[in-house]
A.B. asks: 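Structure below; questions to follow.
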Amino acid sequence: MAERGAHITTSATADRPTIFEVVAQESLMAAVRPALHHVIKVLAESNPARYGPLWRWFDELYTLLDLLLQQHYLTWASASFSENFYGLKRIAMLGRNGKHNLPRREYWKSLLLLVLVPYLRVKLEKLVNRLREEEDYSIQNTTSFRKRCYKAILAAYPYVKLSWEGWFLFYQLRYILWNTKHHSPLLSLAGVQLARLTIEDLQAMDSQPQKTPTKSVLSLFFFSSVGNILKKVLGGVSVTLSSSLSLGVFFLQFLEWWYSAENQDTLKSLSSLPAPSPPVHFDLETYSPLLPKLKTVCPLCRKVRVNDTALGTSGYVFCYRCAYYFVKNHQRCPVSGYPTELQHLIRLYTPDG
């Protein structure tokens, strides 16, 4: 039993990483996204007109940067950014010993799983959260087919998430007990396993010229001339990101820890948003209509308001139906541009109503 327990912190082979090393490298990238997400949120709240698009397209922009970063490290070090940070590498399961770079098949499978799976998982969680909000604030008929589909998705999601987490836990337990070479099912799907970097690997990495990889993802979709220009630009961005993230990774982890306890509360807090300035000229912003002169007219439909509803983020009053569909589609106030969610809709009731 003592020998079995010692295997948790030590390795029988010099190149096999321990469970703590593989879990630490996975938690590294998991801490980067919330930290950057909070930074973009603060910028969007301070200046919605300038940084609002970064907030609305954060998932896509982060996935693009993650794609460039992971592609650079897979080409240069045969590992992801977090794996290389902890001195690990990926080796193919089907032989090919002696080669520093991953085979082409394992390379593309690793790249897709590293980038696509986290993106789809985040989008699924946001979809479920949006469906839960719509279930609480929706004005649709409860017997409609779309409403029944929403309820079916919400009912099945906890079991899907439990199965996903259990799948990973099963692989980690097998990895601890030396029943498999993979601590994650994604590594098994990619056909690779993790190993420690050797002196030969470090020498091979140092001997490689630090230049843009010859094969870029975007070159598959553009003409050759445009692709060459994009490869140079994106290559420089990937090298800059890799060096800057290596220096700032501990700061991002500290920032994620600092705001983790109140992350969800600050996203939904009304006090964190500054008071909007008086509406003056909105001619330069096409999405901000001029406020009507009559106080009883809705700024969106330009008709007398029905079921008055105020936005808690800005204080402006609209028709409930107008405000509901605008916030649902754009996630911001139509006048001030502040980030807004469906839960920020506040129904107003008058004594005579």
A.B. asks: Kindly check if the number of other-residue, nucleotide or ligand heavy atoms within 6.0 Å of CH2 (Trp167) is above 12?
C.D. replies: yes
A.B. asks: In this structure, would Tyr316 and Tyr325 fall into the same cluster of hydrophobic residues linked by side-chain contacts under 4.5 Å?
C.D. replies: yes
A.B. asks: Indicate if Leu113 and Val23 have the same hydrophobic cluster label, given that clusters are the connected sets of ILVMFWY residues with side-chain heavy-atom separations under 4.5 angstrom.
C.D. replies: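 Different hydrophobic clusters.
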A.B. asks: Just wondering, more than 12 heavy atoms not from Arg105 lying within 6.0 Å of its CZ?
C.D. replies: no
A.B. asks: Which heavy-atom pair separates Cys333 from Phe326 by the least distance, and what is that distance?
C.D. replies: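 Residues Cys333 and Phe326, closest heavy atoms: C-CE2, 4.1 Å.
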A.B. asks: Could you walk me through whether Tyr320 and Val306 pass the side chain to side chain contact (heavy atoms under 4.5 Å, CB included) check?
C.D. replies: CA-CA 7 Å; Tyr320 179 79; Val306 179; over 6 Å; no
A.B. asks: Decide yes or no for Pro299 and Pro334: does some side-chain heavy atom of the first lie under 4.5 Å from some side-chain heavy atom of the second?
C.D. replies: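 Contact flag for Pro299/Pro334 side chains = no.
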A.B. asks: Return the orientation label for the Phe168 and Trp164 ring planes: parallel under 30°, perpendicular over 60°, tilted otherwise.
C.D. replies: tilted
A.B. asks: So which heavy atom on Glu106 is nearest to which on Ser110, and how close?
C.D. replies: O-OG, 2.7 Å
A.B. asks: For a 4.5 angstrom cut-off between non-hydrogen side-chain atoms, does Val42 reach His38?
C.D. replies: yes
A.B. asks: Answer yes or no: are there more than 12 heavy-atom neighbours, outside Phe170 itself, under 6.0 Å from its atom CZ?
C.D. replies: no
A.B. asks: Return yes if some donor-acceptor pair links the side-chain N/O of Arg56 with the main-chain N/O of Pro339 below 3.5 Å, else return no.
C.D. replies: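 Answer holds: no.
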A.B. asks: Quick check: does any side chain N or O of Glu45 sit under 3.5 Å from a backbone N or O of Tyr338, one acting as donor and the other as acceptor?
C.D. replies: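 No, because the side chain of Glu45 does not come within donor-acceptor range (under 3.5 Å) of the backbone of Tyr338.
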A.B. asks: Are any of the side-chain heavy atoms of Tyr107 and Thr75 separated by less than 4.5 Å?
C.D. replies: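 Counting from C-beta outward, Tyr107 and Thr75 do come under 4.5 Å.
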A.B. asks: Taking all heavy atoms of Ala195 and all of Ile91, pick out the closest pair and write down the distance.
C.D. replies: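 Looking at all heavy atoms of both residues, the shortest contact is CB-CD1, 4.1 Å.
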A.B. asks: Give the minimum heavy-atom separation between Leu114 and Gln70, together with the two atoms involved.
C.D. replies: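 Heavy atoms of Leu114 and Gln70 come nearest at CD1-OE1, 4.1 Å.
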A.B. asks: Nearest 0.5 Å, what's the CH2-CD distance between Trp55 and Gln331?
C.D. replies: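 So the gap between those two atoms works out to 10.5 Å.
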A.B. asks: Please tell me whether Val122 and Ile153 are part of a single hydrophobic cluster in this structure, the criterion being side-chain heavy atoms less than 4.5 Å apart.
C.D. replies: no
A.B. asks: Quick check for you: to the nearest 0.5 Å, what is the distance between Leu54 atom CG and Leu36 atom CG?
C.D. replies: 11.5 Å
A.B. asks: Go through Gln25 and Leu194 one step at a time and tell me if the side chain to side chain contact (heavy atoms under 4.5 Å, CB included) criterion holds.
C.D. replies: CA-CA 11 Å; Gln25 64 87 18; Leu194 293 181; 4.1 Å; yes
A.B. asks: For residues Lys41 and Tyr51, determine if any side-chain heavy atom of one lies less than 4.5 Å from a side-chain heavy atom of the other.
C.D. replies: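 Not touching, per the 4.5 Å side-chain cut-off.
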A.B. asks: Rounded to the nearest 0.5 Å, how far does CZ of Arg16 lie from CZ of Arg196?
C.D. replies: 9.5 Å
A.B. asks: Does atom CG (Leu169) have a neighbourhood of more than 12 heavy atoms from anything else shown, all under 6.0 Å?
C.D. replies: yes
A.B. asks: When you measure from the side chain of Lys109 to the backbone N and O of Leu189, does any donor-acceptor pair fall under 3.5 Å?
C.D. replies: yes
A.B. asks: The test is side chain to side chain contact (heavy atoms under 4.5 Å, CB included); show your working for Cys298 and Lys303 and say whether it passes.
C.D. replies: CA-CA 6 Å; Cys298 174; Lys303 299 179 182 179; 5.9 Å; no
A.B. asks: Should the pair Glu341-Arg132 be classified as a salt bridge under the 4.0 Å nitrogen-to-oxygen rule?
C.D. replies: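 Between Arg132 and Glu341 there is no salt bridge, as every charged N stays at least 4.0 Å from the carboxylate O atoms.
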A.B. asks: When the aromatic ring centroids of Tyr171 and His182 are compared, is their separation below 6.0 Å?
C.D. replies: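 Centroid distance Tyr171-His182: not below 6.0 Å, so no.
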A.B. asks: Do Leu65 and Leu61 have side chains that get closer than 4.5 Å, going by heavy atoms?
C.D. replies: no
A.B. asks: If every non-hydrogen atom of Arg302 is compared with every non-hydrogen atom of Val297, which pair is closest and at what distance?
C.D. replies: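 For Arg302 and Val297, the tightest heavy-atom pair comes out as C-CG1, 3.5 Å.
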A.B. asks: Identify the heavy atoms of Leu342 and Val327 that sit nearest to each other, and give their distance.
C.D. replies: N-CG1, 3.8 Å
A.B. asks: Answer yes if the side chains of Ser184 and Tyr175 hold a donor-acceptor pair under 3.5 Å, and no otherwise.
C.D. replies: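 On atom types as modelled, these side chains do not qualify, holding no pair under 3.5 Å.
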A.B. asks: Check whether any side-chain heavy atom of Val22 lies under 4.5 Å from a side-chain heavy atom of Ile19, and answer yes or no.
C.D. replies: yes
A.B. asks: Please assess Tyr86 against Leu28 for the test side chain to side chain contact (heavy atoms under 4.5 Å, CB included), listing each intermediate value before the final yes or no.
C.D. replies: CA-CA 10 Å; Tyr86 281 93; Leu28 176 60; 4.1 Å; yes
A.B. asks: Find the distance between CG (Leu311) and CZ (Arg332) and round it off to the nearest 0.5 Å.
C.D. replies: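 CZ of Arg332 is found 11.5 Å from CG of Leu311.
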A.B. asks: Starting from Met29, can I reach Leu186 by hopping between I/L/V/M/F/W/Y residues whose side chains sit under 4.5 Å apart?
C.D. replies: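 No, Leu186 does not connect to Met29 through the hydrophobic network.
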A.B. asks: Please report the interatomic distance OG(Ser80) to CD(Glu26), rounded to the nearest 0.5 Å.
C.D. replies: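 If we round to the nearest 0.5 Å, Ser80:OG and Glu26:CD are 9.0 Å apart.
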A.B. asks: Taking the side chain as everything from C-beta on, heavy atoms only, tell me whether Leu187 gets closer than 4.5 Å to Arg90.
C.D. replies: yes
A.B. asks: About how many Å separate CG of Asn329 and OH of Tyr324, when rounded to the nearest 0.5 Å?
C.D. replies: 9.5 Å
A.B. asks: Using side-chain heavy atoms (C-beta onward) and a distance below 4.5 Å, is Lys123 in contact with Asp59?
C.D. replies: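 When only atoms from C-beta onward are counted, Asp59 and Lys123 do touch, with a gap below 4.5 Å.
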A.B. asks: If you group Ile, Leu, Val, Met, Phe, Trp and Tyr by side-chain heavy-atom gaps below 4.5 Å, do Leu69 and Phe58 land in one group?
C.D. replies: yes
A.B. asks: So, Asp66 side chain and Tyr62 main chain: donor-acceptor pair closer than 3.5 Å or not?
C.D. replies: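 Flag not set: sc Asp66 to bb Tyr62 has no pair under 3.5 Å.
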